[in-house]
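Heads up: the structure comes next, in structure tokens.
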Amino acid sequence: MKYRSLLVALALPCSLLAADKPPAKVSLLYVQSAGSGTFEPLAGSSKKFRLVLRDVAPNVVYFSDRPNRLAGQVSMRQFLGKIGFGGKLDPNAAIDIAGAPSQSDLIVAALDRPVYDPLTKTLSYEVKVLDAAREGLASFSARMDKRLPARFGPVAVFIDDAPCGDCSKGGQCCPGFYCYDPGTAANPTTPRCQPCQPGKISDPCGGVD
């Protein structure tokens, strides 16, 4: 009997076998860049500030770590609509400020309440300074600072993907992913988030909008 089962498995198309195997977890970092910015204190809190970014790039770049080596970009509108704010987890970010003093050039914070104006190229967040970096930002832990510069020049904001939903549970996929359901009505399966394929004609995400 065990040999018959083995022969049946070998006779199945590779695509069917692959469809039943969940893909490896892919984690992304998103990068927003801006020409300058400010930190403005929020009344009533010593850890909350309004981060204002000016001359912001209209697209958000994303990339994954080994072994996936995925990279692409999405529009700011797509990113802010999909990343997820106000849920159980807020996006965490490493705010890397070029040219700032070493004691205030890397801030790790939770992001909330984004406001984006494409006409003025301005983006702002309500931020809460954190004492520790989440797993996706662990590489920035050794450089974390607590002193915030009131004004600064060029900056890159690295944002983790932890708050994104899971389409198998009714949520939406992270920016750079799409919900793929390989099943049929006769043979239903569980939908799952799959990475987009930037640069390919068959890219199911359709590129930057």
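In this chain, residues are counted from 1 in sequence order.
- Two residues are said to be in side-chain contact when any heavy atoms from C-beta on lie closer than 4.5 Å; Leu29 and Leu137 meet this criterion.
- More than 12 heavy atoms of other shown residues, nucleotides or ligands fall within 6.0 angstrom of atom CZ in Arg143.
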Show the numbers, then the answer: is there a side-chain contact (heavy atoms from CB on, under 4.5 Å) between Thr38 and Arg54? CA-CA 9 Å; Thr38 57; Arg54 297 179 176 84; 3.5 Å; yes
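- Cluster annotation: Leu51 is connected to Phe49 through the hydrophobic network of ILVMFWY side chains, with a link wherever side-chain heavy atoms come within less than 4.5 Å.
- Counting heavy atoms from C-beta outward, Leu80 and Tyr125 have side chains that approach closer than 4.5 Å.
- Looking at every heavy atom in both residues, Arg147 comes nearest to Ile107 through O-CD1, 3.7 Å.
- Nearest heavy atom pair, residue Ile159 against residue Ala93, reads CG1-CB, 3.9 Å.
- If you run side-chain contact (heavy atoms from CB on, under 4.5 Å) between Val127 and each of Asp90, Asp112, Leu111, only Leu111 comes through.
- Pro175 is not listed as a side-chain neighbour of Tyr62, based on a closest heavy-atom distance of 4.5 Å or more.
- Distance alone, capped at 3.5 Å, places no donor-acceptor pair between the Tyr30 side chain and the Ile83 backbone.
- By the 4.5 Å heavy-atom criterion applied to side chains, Leu89 and Arg134 are counted as neighbours.
- Cluster annotation: Phe85 is connected to Val60 through the hydrophobic network of ILVMFWY side chains, with a link wherever side-chain heavy atoms come within less than 4.5 Å.
- Cluster annotation: Ile97 and Val52 are assigned to distinct hydrophobic clusters (Ile/Leu/Val/Met/Phe/Trp/Tyr, side-chain heavy-atom contacts under 4.5 Å, transitive).
- Using cut-offs of 30° and 60° for the angle between ring planes, the Phe158 and Phe140 rings count as tilted.
- Between Glu126 and Leu42, the shortest heavy-atom contact is CG-CD1, 3.4 Å.
- At most 12 non-hydrogen atoms from other residues, nucleotides or ligands lie less than 6.0 angstrom from CD of Glu135.
- Residue Cys196 comes nearest to Phe177 through the heavy atom pair SG-N, 3.6 Å, listed as atom of the first residue, atom of the second, then distance.
- Annotation for Pro91 and Gly84: closest pair CD-O, 3.2 Å, computed over non-hydrogen atoms.
- When all heavy atoms of Asp145 and Ser104 are compared, the pair lying nearest together is OD2-N, 3.5 Å.
- Note: Cys173 SG to Asp161 CG = 11.5 Å, rounded to the nearest 0.5 Å.
- The SG atoms of Cys193 and Cys164 do not sit under 2.5 Å apart.
- Using a 4.5 Å cut-off between side-chain heavy atoms of Ile, Leu, Val, Met, Phe, Trp and Tyr, with links allowed through other members, Val129 and Val108 fall into different hydrophobic clusters.
- For the pair Lys146/Asp131, a side-chain contact is recorded, criterion being any heavy-atom separation below 4.5 Å from C-beta on.
- Of the residues Leu70, Val31, Leu28, the one that meets the side-chain contact (heavy atoms from CB on, under 4.5 Å) test with Phe63 is Val31.
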